[in-house]
Amino acid sequence: MPVQIGATTHSFSEPTGLLSDCHRRIESFLGVLEAVGKTLDQPLTEEVARALGTALAYFHDAAPKHTADEEESLFPRLRRLHDPGVRAAMSQLQHLEEDHRAADPLHAQVERLGRKYLAAGKLGAPEVAEYRDAVARLRAIYAQHIRLEDEVVFPLAQLVLPKAEKSAIAAEMAGRRQAPLVTGPAPPK
């Protein structure tokens, strides 16, 4: 059974499809963080607590695996290719890695404030503003980052990476998730 890390399920035979699926999940959980930000000045409800807890857990546990998928598995393989299209896109890879570094402290801020809200049931006005600002800045980083990867990097990788490299990326992705490497439909019983 394929691992679902986004709205669409791709098998590990399509690692860039899995990465794009993860982008849909990132966008969804950013939406949750934004929606929670609108309620921070109200008493915490069970529904908001569940949604916030799930979003915080995603960004704490799953999102770092996505970053590693890109920085440790995909980007190095693209850098090794001697393809003109890849070389043109290479300058963007550094910006993408910088985006990851810029997002880290914002995620830490949202995590700290979100956990405080879950524990105390409220935040002060300065903390509400800090939370909302951090989420807005994350949204801005991810909007550009995801667009570039989904529209340029992933389609290019799908075209130029040899099957063996895609398989290696898939194996590394599965390993990070401690998931079985399933690369296609389940075999007939």
Looking only at heavy atoms, which two atoms of [X] and [Y] are closest? And how far apart?
{"X": "Gln42", "Y": "Tyr117", "answer": "O-OH, 3.3 Å"}
{"X": "Val32", "Y": "Ala51", "answer": "CG1-O, 3.5 Å"}
{"X": "Met173", "Y": "Pro15", "answer": "SD-CB, 3.6 Å"}
{"X": "Val86", "Y": "Leu78", "answer": "CG1-O, 3.1 Å"}
{"X": "Ala134", "Y": "Val110", "answer": "CB-CG2, 3.7 Å"}
{"X": "Arg176", "Y": "Asp69", "answer": "NH1-OD1, 2.8 Å"}

Atom pair [atom1] ([X]) and [atom2] ([Y]), whose distance is rounded to the nearest 0.5 Å:
{"X": "Leu123", "Y": "Asp41", "atom1": "CG", "atom2": "CG", "value": "9.5 Å"}
{"X": "Asp99", "Y": "Glu149", "atom1": "CG", "atom2": "CD", "value": "8.0 Å"}
{"X": "Leu19", "Y": "Glu14", "atom1": "CG", "atom2": "CD", "value": "11.5 Å"}
{"X": "Asp150", "Y": "His145", "atom1": "CG", "atom2": "NE2", "value": "9.5 Å"}
{"X": "Lys163", "Y": "Ser167", "atom1": "NZ", "atom2": "OG", "value": "6.0 Å"}
{"X": "Ile146", "Y": "Ile26", "atom1": "CD1", "atom2": "CD1", "value": "5.0 Å"}

Relative to each other, are the rings of Phe154 and His23 parallel, tilted or perpendicular (30° and 60° limits)?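 Rings of Phe154 and His23: parallel, under 30°.
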In terms of the angle between their ring planes, are Phe59 and Phe29 parallel, tilted or perpendicular, with boundaries placed at 30° and 60°?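 Judged by the thresholds at 30° and 60°, the geometry between Phe59 and Phe29 is perpendicular.
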Go through Thr67 and Asp104 one step at a time and tell me if the side chain to side chain contact (heavy atoms under 4.5 Å, CB included) criterion holds. CA-CA 11 Å; Thr67 298; Asp104 287 345; 5.9 Å; no
Between Thr54 and Arg50, a side-chain donor and acceptor under 3.5 Å: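 No - no donor-acceptor pair under 3.5 Å links their side chains.
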Just by distance, with hydrogens left out, do His66 and Glu70 show a side-chain donor and acceptor under 3.5 Å apart? yes
Under 3.5 Å: donor-acceptor pair, side chain of [X], backbone of [Y]:
{"X": "Thr45", "Y": "Val48", "answer": "yes"}
{"X": "Ser20", "Y": "Thr16", "answer": "no"}
{"X": "Glu127", "Y": "Gly124", "answer": "yes"}

Please name the residue in the list Glu71, Glu72, Glu97 that meets the salt bridge (Lys or Arg N to Asp or Glu O under 4.0 Å) test with Arg79. Glu97
Quickly, which of Lys65, Arg77, Lys166 forms a salt bridge (Lys or Arg N to Asp or Glu O under 4.0 Å) with Glu172? Name it, please.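 Exactly one pass, corresponding to Arg77.
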Starting from the C-alpha separation in whole Å, work towards a yes-or-no answer on side chain to side chain contact (heavy atoms under 4.5 Å, CB included) for Arg101 and Glu98. CA-CA 5 Å; Arg101 300 299 84 69; Glu98 290 168 1; 5.6 Å; no
Is it the case that over 12 heavy atoms from other parts of the model lie below 6.0 angstrom from the CD atom of Glu47? no
How about NE2 on His60, more than 12 heavy atoms from neighbouring residues, nucleotides or ligands closer than 6.0 Å, or not? no
From CA spacing to verdict: side chain to side chain contact (heavy atoms under 4.5 Å, CB included), Leu56, Leu118: CA-CA 11 Å; Leu56 293 176; Leu118 290 173; 4.1 Å; yes
Is the shortest side-chain N to carboxylate O distance from Glu34 to Lys38 below 4.0 Å?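 Judged by the 4.0 Å cut-off on N to carboxylate O distance, Glu34 and Lys38 do not form a salt bridge.
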Test Val153 against Leu74 for side chain to side chain contact (heavy atoms under 4.5 Å, CB included), laying out the working first. CA-CA 10 Å; Val153 177; Leu74 179 62; 4.2 Å; yes
